[in-house]
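Chain identifiers are assigned alphabetically (A, B, ...) following the order of the sequence lines, protein sequences preceding nucleic acid strands; residue numbering begins at 1 within each chain.
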Number of protein chains: 2
Amino acid sequence: MKKLLSTKQQQFLDIIRRHVLIYGQSPSYTEIMDVLGFSSLGTVNWYVKTLIKNGYLNRTGTSNSKRALTLTETHSVSPRLPLLGLIAAGTPIEALENSESVEVPAPFVHPDNFVLKVKGNSMINDNIEDGDYIIVRKTQAAESGQAVVALVNGEATLKRYYPKTNQIELHPRNPDYPVIYINETDNFQINGIVLYSFREY
Amino acid sequence: MKKLLSTKQQQFLDIIRRHVLIYGQSPSYTEIMDVLGFSSLGTVNWYVKTLIKNGYLNRTGTSNSKRALTLTETHSVSPRLPLLGLIAAGTPIEALENSESVEVPAPFVHPDNFVLKVKGNSMINDNIEDGDYIIVRKTQAAESGQAVVALVNGEATLKRYYPKTNQIELHPRNPDYPVIYINETDNFQINGIVLYSFREY
DNA sequence: AATACTTACGGTTAACTTACGAGTATTTAG
DNA sequence: CTAAATACTCGTAAGTTAACCGTAAGTATT
């Protein structure tokens, strides 16, 4: 019977999981210390000992092996994100019922990220075409210059976001197409920031 | 349970993978030493011994065989492929000196695969633009309909490949652009098949 | 018989793990 | 509300190992 984890302990395990995903090796004690804001290695060691005792962590190799912490949970084999819907310019985003998921590069694995599949060639002015996939981070706010998935009067679009004093400018990737200007009379909502797009041949 | 690789060890394997892809043979110890900036062959030997012990490397042939290192292709935790060069339509492929590597989805990790970065907007008719990356499988032969990276009279291009009886047709992704016809007077060579393309925002 | 390469050995350093003792918050039991 | 247990933190220091260096002898190829 496993003991339940405290919030801090879960956080501790998350750090390790994430580090392994991104760098392919578990973090050193010092690295964990920095990330969690500890000022002592003893604290890290206390967590390690506690988590090993309770069956959430393992040390591989001999004692004193470096970066040898591994999670005991059956860690998800390949990094995937849920495919939440279909997107086409000029229509609302179409949600998908059945929960598919798509293989993505490990650093994009994050609870707020999801994948959309592009339908039709209506996004050609953003150099996105039928069948492409985009990885989106769900958020309402964006920085100037970021690529966003947004709903303008209920219609989906993928553009770079430039807020100005009186209006919002949406720039397509392809400079041959016009800039869209949003003012107060328009219904405008950011769905998320575009992080990555890919295409399988 | 395989030991995880350190960053340096991953880099070490990348060097070998890269060298095999470019030159068709594994690098000598001295060459590895130079690329990684070591000043001792002992260091190279230490890496080789360690990586063989942990099951990431093999020596083919008898002992003392030259350039006999081969990768045991396991799905490494952080899947990466070497970035071999820059490609722009209408010019030869430009090799990159320093050995970078790029994170890719795990299924694309394969000893014959590599990544090219697209330079300039000259491939816009293939819906590929400046800064995009493509994953290519090194091969001389392609099936009809596959997307290939090819050299036509010394100039790189990315097209779909359709061999016909008397000539070869190269179709761009964008149907608004013309089909290219290759005949015996042209110098034509397939560099590889395009598997995937991606873009970071 | 020279050249290019692999393999071996011993030594150094910085990075890393591990142990210990003690102190402070936070939760639980009476 | 108060004591006691538990969760968490600190600082330091000893012990190990990964990652280097230099050199040199052994082995195949030309």
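Under 4.0 Å is where a charged nitrogen must lie from a carboxylate oxygen, and between D132(A) and R199(A) at least one such pair does.
Listed pair S6(A) / dC8(D) meets the phosphate criterion, a side-chain N or O lying under 4.0 Å from OP1 or OP2. Checking the phosphate oxygens (OP1, OP2) of dT9(D), a side-chain nitrogen or oxygen of Y47(A) falls inside 4.0 Å. The side chain of Q9(B) places no N or O atom within less than 4.0 Å of a non-bridging phosphate oxygen (OP1 or OP2) of dA18(D). Phosphate proximity of dT18(C) to R59(A): present, with a side-chain N or O under 4.0 Å from OP1 or OP2. The phosphate of dC20(D) has OP1 or OP2 within less than 4.0 Å of a side-chain N or O from K8(B).
Between I135(A) and V194(A), every side-chain heavy-atom pair lies at or beyond the 4.5 Å cut-off.
Spacing between atom CG of N45(A) and atom P of dA22(C) amounts to 17 Å, rounded to whole angstrom units. In this entry the distance linking CG of N54(A) with P of dC8(D) reads 11 Å, nearest Å. Atom C1' of nucleotide dT17(D) and atom CZ of R67(A) are separated by 13 Å, given to the nearest angstrom. Between L51(B) atom CG and dA18(D) atom C1' the separation is 12 Å, expressed in whole Å. dT17(C) atom P lies 15 Å from atom NZ of K49(A), rounded to whole Å. dA7(D) atom C1' lies 15 Å from atom OH of Y56(A), rounded to whole Å. The OH atom of Y29(A) sits 15 Å away from the C1' atom of dC20(C) (whole-angstrom rounding). Note: CD (Q25(A)) to P (dT17(C)) measures 10 Å, nearest angstrom.
Under the ring-ring contact (aromatic ring centres under 6.0 Å, His included) criterion, Y161(B) pairs with no residue at all, not counting sequence neighbours. A search for side chain to side chain contact (heavy atoms under 4.5 Å, CB included) contacts involving S6(A) returns K8(A), Q9(A), not counting sequence neighbours. Listed by chain and number, the residues in a ring-ring contact (aromatic ring centres under 6.0 Å, His included) with F188(A) amount to none (sequence neighbours excluded). L86(A) pairs by the side chain to side chain contact (heavy atoms under 4.5 Å, CB included) definition with E94(A), L96(A), K117(A), K119(A), not counting sequence neighbours. With sequence neighbours excluded, no residue forms a salt bridge (Lys or Arg N to Asp or Glu O under 4.0 Å) with E169(A). Residues forming a side chain to side chain contact (heavy atoms under 4.5 Å, CB included) with D130(B) (at least two apart in sequence, or on another chain): N121(B). Applying the salt bridge (Lys or Arg N to Asp or Glu O under 4.0 Å) rule to E200(B) yields no partners; only residues at least two apart in sequence or on another chain are considered. N166(A) meets the side chain to side chain contact (heavy atoms under 4.5 Å, CB included) test with no other residue; sequence neighbours excluded.
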Residues 136-145 of chain B side chain polar contacts: donor-acceptor under 3.5 Å, at least two apart:
unit_1  : atom_1 : unit_2  : atom_2 : d
R137(B) : NE     : N113(B) : OD1    : 3.0
K138(B) : NZ     : L21(B)  : O      : 2.4
T139(B) : OG1    : A141(B) : N      : 3.2
T139(B) : OG1    : A141(B) : O      : 3.2

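Two end axes, each from the C1' atoms of five base pairs, can be drawn for the helix from dA1(C)-dT30(D) to dG30(C)-dC1(D); they diverge by 50°, to 10 degrees.
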Listing time: all N or O pairs from protein to nucleotides 22-27 of chain D that are below 3.5 Å?
unit_1  : atom_1 : unit_2 : atom_2 : d
dG22(D) : OP2    : S39(B) : O      : 3.4
dG22(D) : OP2    : S39(B) : OG     : 3.2
dG22(D) : N7     : S40(B) : OG     : 2.5
dT27(D) : O4'    : N64(B) : ND2    : 3.3

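In this structure, S65(A) reaches the sugar-phosphate backbone alone: every heavy-atom distance under 4.0 Å involves primed, P, OP1 or OP2 atoms, never a base.
In plain terms, the two heavy atoms of E103(A) and P105(B) that are nearest each other are CG-CB, 4.0 Å.
At a non-hydrogen distance threshold of 4.0 Å, F38(A) from residues 30-38 of chain A come into contact with DNA chain D.
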